[in-house]
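First the structure, in the form of structure tokens, and then the observations on it.
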Amino acid sequence: MDVLYKRVTLLLIFLTLSSVSTNASPWIPMDGSNPASYCLSWRLAIETNNVRAWRTVPLQCMRYVEAYMLAGQYDRDVQLIADQVRVYLSEIVLPGDGMDAWILDVDDTCFSNVYYYRLKRYGCDPYDPTGFRTWAMRGESPAIQPVLELFSDLIETGFKVFLVTGRDEETLRQATVENLNNQGFTGYERLIMRTAENKRQSAATYKTTIRKQLMEEGYRIWGNVGDQWSDIQGEYSGNRTFKIPNPMYFVP
């Protein structure tokens, strides 16, 4: 048994015991089967978009999500996705006219909000827009390292990288720009945020509209990376899309 497996096993045991000692709800699936097995199936279902419009993480899966996000599996999953993007990049020959675009989402794609969601029981609590805005204004979200490295590769390869986020332009632009810069996301073409004009649109509609506008400007969208299905579904999504895992929340 290797050292990593031992560490993950010990962490899972610790988290399960701590859920009892901290009076958290019992880690028991609704059907009475093995809790880790149930929560693994639930995570697979949401990541494949078979469970849609879910509002909160099942309470019995809180410790499972915590372990997934912090014990190393999430990092390995994101790294694998970044590696697959590079395989795709190796197949592309850019025309060199400066109109080759790549789209990245921001929250939980470029940088992580796991420390905020830890306070929200990793998504077991309902979405709190005021609380998240307060967190975002602090500008302390750490970069997701495999995506930061991928971002640098995209810039170096010659792509114009567009960061498209559902964050509010008026209240969060300065904090978001500073957070990105502080974490090493520099050299992107444009940071696109929600304005009063598209504030009431769903995330899927808003992001589709932005992609359409970019293509009307003459850009070719070679790739699109996001942690939500609403980041990558719809028209004008690009030649390839890549989904970053996120078991903590769903954005329609």
Side-chain angles (χ1 to χ4, degrees), residues 69 72-114 136 139-167 169 172-194 203 206-246:
M69 294 300 299
Q73 188 59 55
Y74 170 81
D75 297 324
R76 289 188 291 274
D77 289 350
V78 176
Q79 184 63 64
L80 179 61
I81 294 165
D83 291 342
Q84 291 304 305
V85 175
R86 290 188 179 90
V87 172
Y88 170 56
L89 291 177
S90 70
E91 302 169 351
I92 298 174
V93 178
L94 298 182
D97 59 1
M99 300 303 290
D100 299 297
W102 196 283
I103 295 176
L104 293 176
D105 174 52
V106 174
D107 284 300
D108 295 296
T109 298
C110 288
F111 48 55
S112 173
N113 296 305
V114 68
E140 297 177 356
S141 297
I144 297 175
Q145 195 62 32
V147 178
L148 176 58
E149 294 169 1
L150 175 62
F151 169 86
S152 298
D153 289 347
L154 290 167
I155 298 292
E156 185 176 342
T157 303
F159 287 96
K160 299 293 178 66
V161 177
F162 292 85
L163 305 181
V164 183
T165 174
R167 289 187 174 200
E169 167 92 25
L172 291 176
R173 184 169 191 84
Q174 182 177 348
T176 304
V177 169
E178 291 176 357
N179 198 162
L180 288 166
N181 290 345
N182 291 340
Q183 293 300 315
F185 290 94
T186 59
Y188 52 85
E189 184 69 12
R190 200 182 308 169
L191 171 64
I192 301 174
M193 308 181 73
R194 278 189 186 269
Y206 156 64
K207 295 203 170 186
T208 297
T209 301
I210 295 300
R211 295 192 302 264
K212 181 175 184 289
Q213 291 171 354
L214 292 175
M215 293 191 73
E216 289 174 347
E217 291 177 30
Y219 287 102
R220 294 176 291 272
I221 301 175
W222 288 93
N224 182 4
V225 182
D227 68 294
Q228 299 293 317
W229 283 100
S230 54
D231 295 330
I232 59 178
Q233 286 185 324
E235 296 183 277
Y236 316 101
S237 58
N239 289 9
R240 282 287 302 272
T241 60
F242 298 87
K243 171 76 167 61
I244 300 293
N246 185 349

Fill in the blank from the handout: F151 meets the ring-ring contact (aromatic ring centres under 6.0 Å, His included) criterion, sequence neighbours left out, with F185
Problem - Stepwise side-chain hydrogen bond (donor to acceptor under 3.5 Å, both in side chains) test for R173 and T176 - result: CA-CA 5 Å; R173 184 169 191 84; T176 304; over 6 Å; no
Completion exercise
Sorted by chain and number, sequence neighbours left out, side-chain contact (heavy atoms from CB on, under 4.5 Å) with D100 holds for L94, P95, D97, F159, R220, W222
Practice task
Not counting sequence neighbours, which residues clear side chain to side chain donor-acceptor pair (under 3.5 Å) with D107? List them please.
Solution key: N113, R167
Problem - By side-chain contact (heavy atoms from CB on, under 4.5 Å) - contacts of E140 (at least two apart) - result: R138
Problem - Nearest atoms (heavy-atom pairs only) where L172 meets A136 - result: CD2-CB, 3.9 Å
Practice task
Starting from the C-alpha separation in whole Å, work towards a yes-or-no answer on side chain to side chain contact (heavy atoms under 4.5 Å, CB included) for W102 and T157.
Solution key: CA-CA 11 Å; W102 196 283; T157 303; over 6 Å; no
Handout entry: Closest non-hydrogen atom pair, Y188 against V161
Key = CB-O, 3.5 Å
Fill in the blank from the handout: Given the options V164, T165, I210, M193 meets side chain to side chain contact (heavy atoms under 4.5 Å, CB included) only with T165
Practice task
Taking the side chain as every heavy atom from C-beta outward, state whether K207 and I103 have any pair of such atoms under 4.5 Å apart.
Solution key: no
Exercise for the section: Could you pull out all residues at least two apart from A175 that satisfy side-chain contact (heavy atoms from CB on, under 4.5 Å)? Expected result: none
Practice task
First locate atom CE of M69, then atom CG of D75, and finally report the distance between them rounded to the nearest 0.5 Å.
Solution key: 8.0 Å
Exercise for the section: Please test L154 against L89 for side chain to side chain contact (heavy atoms under 4.5 Å, CB included), starting from the C-alpha separation and ending with a verdict. Expected result: CA-CA 9 Å; L154 290 167; L89 291 177; 3.8 Å; yes
Handout entry: Heavy-atom pair of closest approach, residues P146 and V78
Key = CB-CG1, 3.9 Å
Handout entry: Parallel, tilted or perpendicular: ring planes of F162 versus Y219, cut at 30 and 60 degrees
Key = perpendicular
Handout entry: Euclidean distance, Y206 OH relative to D231 CG, rounded to 0.5 Å
Key = 10.0 Å
Fill in the blank from the handout: Residues passing the side chain to side chain donor-acceptor pair (under 3.5 Å) test with R194, sequence neighbours excluded, are none
Listing, residues 234-245 side-chain donor-acceptor contacts under 3.5 Å, not counting sequence neighbours, or none:
residue : atom : partner : partner atom : Å
K243    : NZ   : E47     : OE1          : 2.7
K243    : NZ   : D227    : O            : 2.7

Fill in the blank from the handout: salt bridge (charged side-chain N to carboxylate O under 4.0 Å, His left out) pairs touching residues 147-156, sequence neighbours excluded, are R86-D153
Practice task
Would you check, one step at a time, whether the test side-chain hydrogen bond (donor to acceptor under 3.5 Å, both in side chains) holds for Q79 with D83?
Solution key: CA-CA 6 Å; Q79 184 63 64; D83 291 342; 3.0 Å; yes
Problem - Considering all heavy atoms, the nearest A143-L148 contact - result: CB-CD2, 4.1 Å
Fill in the blank from the handout: Here the gap from S141 atom OG to N182 atom CG, rounded to the nearest 0.5 Å, amounts to 11.0 Å
Practice task
Kindly compute the distance separating NZ (K212) from CD1 (I221), expressed to the nearest 0.5 Å.
Solution key: 12.0 Å
Handout entry: Qualifying salt bridge (charged side-chain N to carboxylate O under 4.0 Å, His left out) pairs with a residue from residues 178-193, counting only residues at least two apart or across chains
Key = R190-E217
Practice task
Step by step, work out the side chain to side chain contact (heavy atoms under 4.5 Å, CB included) result for L191 and V106.
Solution key: CA-CA 9 Å; L191 171 64; V106 174; 4.2 Å; yes
Exercise for the section: Provide the closest heavy-atom pair for C110 versus V147 in the form atom of the first, atom of the second, distance. Expected result: CA-CG1, 4.1 Å
Handout entry: Between OG1 on residue T109 and CD on residue Q228, distance to nearest 0.5 Å
Key = 8.0 Å
Exercise for the section: List in chain and number order the residues that pass side chain to side chain donor-acceptor pair (under 3.5 Å) with Q213, two or more places apart in sequence or in another chain; answer none if no residue qualifies. Expected result: none
Practice task
List in chain and number order the residues that pass side-chain contact (heavy atoms from CB on, under 4.5 Å) with T186, two or more places apart in sequence or in another chain; answer none if no residue qualifies.
Solution key: N181
Handout entry: Residues which pass side chain to side chain donor-acceptor pair (under 3.5 Å) with Q183, listed by chain and number, not counting sequence neighbours
Key = none
